[in-house]
Visitor: 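Below is a structure I'd like to ask you about.
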Amino acid sequence: MMTPFTALLVIILASTISAEFHPTEGSKETDPPAQVQAIAGLFDGCYGDTESSLNAAKNYHQSLPKNNNAICVSICLDNGFITAATRGADCYCSNSLPTPVRHLSYEKEAAGNGGPCSTKCPGAYAEGDCKGDECCGGEDSYSVYVVGETDVLGQLVDRILTNFQLNGERIHNNILSVNEKDALECQCFNGEISIILTARTINKNGEGGIKTLQVTFIDGKPTKPTEIQPIKELKETDLIMKSIEKLLQSEEPIFEEAFANWDILCDNYFGDSGLECSKEFEQTVGFEQTFSVEHGMDISITFGLEVTGNALFVETTVSFEISAAYSYTNGYSKTTSSEQSESFGIAVEAEKGTKVEVRFFKSDQPVKVKWRATFLADGNVLIRYGGTFDKIVDLSRVLTYDQRELFALGTIDYGERPTLIARARALDKDGNIVSMSEEKKELQLK
């Protein structure tokens with residue numbers, strides 16, 4: 001006769017993720033059912049050949065005879081990943097951008113037309129050359145999408161279910177006392193078990209409520225997840241921020257403009273020795289930057305932060321976003337604008353027989369940074385053993401540390417980061433330039 005514990009070991013789950021994510025050695029070669037759907041993800045760009053990174057541990061790969069970007073995004077979203085990359089029939093899922101990064105284009109319209117991502121998806125309807133989302137990478141490139149919002153409770157329930165499927169007896173031995181295990185030997189258990197999680201949901205406007213999710217095993221088979229009324233004794237699942245890091249910084253060409261024409265700083269054509277001269281300049285400079293979330297969370301965040309990245313990235317992320325509990329929900333965006341007055345100058349020596357002219361410039365360097373935030377799920381899970389008793393345990397008793405990790409991904413557009421420039425040139429009596437010098441001052445948002 002099969003015991004309740006061994007019965008759990010033969011549960012067949014219709015749709016869960018694996019307890020550990022494996023590289024291509026364990027890849028599936030089956031094609032999912034034909035789908036007619038819009039791509040739920042956002043196109044992030046065309047990246048150079050990074051197969052070694054996409055095959056790394058914790059990434060996921062399928063080879064699909066009818067692959068397209070919509071199918072790949074759907075697979076990655078269902079399996080709890082935040083990015084999807086396609087190259088021909090290959091679909092890769094990851095929790096990062098490809099590394100080492102060789103970014104080729106941010107524009108979806110750049111796909112096709114002989115560009116770097118010009119391989120038509122095997123599942124695309126189009127004939128001939130592909131265009132936009134009909135293209136799945138290229139010979140040495142990948143089309144990369146950010147897949148959308150994580151259903152946090154859904155993902156955690158999936159991972160707990162998988163662990164019960166693979167190691168049900170181990171979980172019971174870990175969470176139950178001897179007396180509790182003895183109690184389950186009676187027929188009142190009948191092999192029925194429920195897994196229940198609860199959390200405070202939130203959206204990009206800061207609105208939300210309590211969500212409680214339940215999955216029940218009946219005769220060794222799991223029901224579909226259903227929402228139930230909140231359970232007072234069950235501690236809510238929370239996401240604790242572990243880190244936020246810079247994945248990729250994109251710098252566009254520098255634009256430079258002059259504030260005025262060349263002005264005479266000092267005239268030493270008839271002097272007996274060198275002449276010291278200087279000039280100060282003041283300019284009002286505008287700043288605008290936007291923090292946005294392309295892949296976010298649907299439950300509230302607790303901030304306990306270790307930040308890595310350059311000073312500009314850390315300054316913006318911490319000072320403008322870290323206090324908002326909904327800053328990492330999908331679709332969240334915040335633009336900050338300001339103006340500040342800056343003064344700087346230049347000091348030079350005009351050699352005998354020269355005059356010095358000065359001119360002031362401002363250069364703008366558009367900068368965008370891709371960031372990734374890592375969160376650790378914390379809270380309790382209620383395991384309901386039929387009509388026998390309820391057992392509330394910490395998530396760490398049923399999930400590994402890695403299985404409790406979840407990720408958000410987004411962009412900080414710093415706008416045009418300005419640098420003030422003072423240039424001086426020395427001219428002889430014939431108007432020939434004999435020397436040049438300059439001073440620069442990079443400006444930071446205060």
Visitor: Go through it in stages, so that I can follow the logic: the residues are Glu357 and Lys355, the test is salt bridge (charged side-chain N to carboxylate O under 4.0 Å, His left out), and I'd like the CA-CA distance, side-chain angles, deciding distance and then a yes or no.
Guide: CA-CA 7 Å; Glu357 296 179 336; Lys355 73 174 180 180; 3.8 Å; yes
Visitor: Starting from the C-alpha separation in whole Å, work towards a yes-or-no answer on salt bridge (charged side-chain N to carboxylate O under 4.0 Å, His left out) for Asp378 and Lys235.
Guide: CA-CA 9 Å; Asp378 178 59; Lys235 178 184 175 183; 3.4 Å; yes
Visitor: With a 4.5 Å cut-off on side-chain heavy atoms, are Gln249 and Val367 touching?
Guide: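 Yes, at least one pair of side-chain atoms sits under 4.5 Å.
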Visitor: Assign the ring pair Phe291 / Tyr332 to parallel, tilted or perpendicular, where the plane angle (0 to 90°) is split at 30° and 60°.
Guide: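 Ring orientation of Phe291 relative to Tyr332: perpendicular.
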Visitor: Taking the six-membered ring for Trp, is the centroid-to-centroid distance between Phe344 and Phe360 below 6.0 Å?
Guide: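 Yes, ring centres under 6.0 Å apart.
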Visitor: Could you check whether Tyr60 and Gln62, counting side-chain N and O atoms only, form a donor-acceptor pair closer than 3.5 Å?
Guide: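 The criterion, which ignores hydrogens and geometry beyond distance, is satisfied for Tyr60 and Gln62.
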Visitor: Indicate yes or no: at least one non-hydrogen side-chain atom of Val348 is less than 4.5 angstrom from one of Ile346.
Guide: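 With C-beta onward as the side chain, the pair touches.
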Visitor: Can you tell me which residue pairs pass the salt bridge (Lys or Arg N to Asp or Glu O under 4.0 Å) test with a partner in residues 278-290, sequence neighbours excluded?
Guide: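 Residue pairs passing salt bridge (Lys or Arg N to Asp or Glu O under 4.0 Å), neighbours aside: Asp263-Lys279.
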Visitor: Can you confirm whether the side chains of Ser292 and Glu294 place a donor and an acceptor under 3.5 Å from each other?
Guide: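 Per modelled atom types, Ser292 and Glu294 side chains form a pair under 3.5 Å.
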Visitor: Please check if the side chain of Asp430 supplies one atom and the backbone of Asn432 the other of a donor-acceptor pair under 3.5 Å.
Guide: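 Checked: no pair found.
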Visitor: Are the sulfur (SG) atoms of Cys130 and Cys121 separated by under 2.5 Å?
Guide: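 In this structure, Cys130 and Cys121 share no disulfide.
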Visitor: Is it the case that Thr400 and Asp402 place a side-chain donor and acceptor less than 3.5 Å from each other?
Guide: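 No, no side-chain donor-acceptor pair sits under 3.5 Å.
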Visitor: For Gln403 and Glu405, does a side-chain donor sit closer than 3.5 Å to a side-chain acceptor?
Guide: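 The answer is no; no qualifying pair exists.
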Visitor: Give me each pair satisfying disulfide (SG to SG under 2.5 Å) with a member in residues 232-281, each pair once, sequence neighbours excluded.
Guide: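 For residues 232-281, and leaving out neighbouring residues, the disulfide (SG to SG under 2.5 Å) pairs sorted by first residue read Cys266-Cys277.
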Visitor: Take Cys46 and Cys117 through the test disulfide (SG to SG under 2.5 Å) and record every step on the way to the result.
Guide: CA-CA 6 Å; Cys46 181; Cys117 285; 2.0 Å; yes
Visitor: Would you confirm whether the ring centroid of Tyr142 sits within less than 6.0 angstrom of the ring centroid of Tyr47?
Guide: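 No, they do not, as the ring centres are separated by 6.0 Å or more.
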Visitor: Give a yes-or-no answer on whether the side chains of Asn203 and Thr329 include a donor-acceptor pair shorter than 3.5 Å.
Guide: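 Note: Asn203 and Thr329 side chains miss the donor-acceptor criterion.
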Visitor: Within the 4.5 Å heavy-atom criterion, are Leu443 and Leu420 side-chain neighbours or not?
Guide: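 In contact.
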Visitor: Contact between Ser333 and Val293 at the side-chain level, heavy atoms closer than 4.5 Å - yes or no?
Guide: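 Answer no - side chains too far apart.
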Visitor: Hey, is Glu256 close enough to Arg423 for a salt bridge, meaning N to O under 4.0 Å?
Guide: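 Salt bridge present between Glu256 and Arg423.
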Visitor: Is there a side-chain contact between Thr150 and Asp298 (heavy atoms, below 4.5 Å)?
Guide: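 Result no, sub-4.5 Å side-chain heavy-atom pair not found.
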Visitor: Do Phe259 and Phe281 have ring centres separated by under 6.0 Å?
Guide: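 Between Phe281 and Phe259, which both carry aromatic rings, the centre distance is below 6.0 Å.
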Visitor: Considering only heavy atoms from C-beta outward, does the side chain of Asp364 approach that of Ile254 to under 4.5 Å?
Guide: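 In short, these two side chains do not touch, never coming nearer than 4.5 Å.
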Visitor: For Asp428 and Thr354, test the side chains for any donor-to-acceptor distance below 3.5 angstrom and give the result as yes or no.
Guide: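 Their side chains do not contain a donor-acceptor pair, so the 3.5 Å distance test is not met.
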Visitor: Please examine the side chains of Leu395 and Asn380, heavy atoms only from C-beta on, and report whether any two atoms are closer than 4.5 Å.
Guide: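 Heavy-atom side-chain distance check fails, nothing below 4.5 Å.
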Visitor: Are Tyr328 and Trp371 near enough that their ring centres are under 6.0 Å apart?
Guide: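 Tyr328 vs Trp371: aromatic centres under 6.0 Å.
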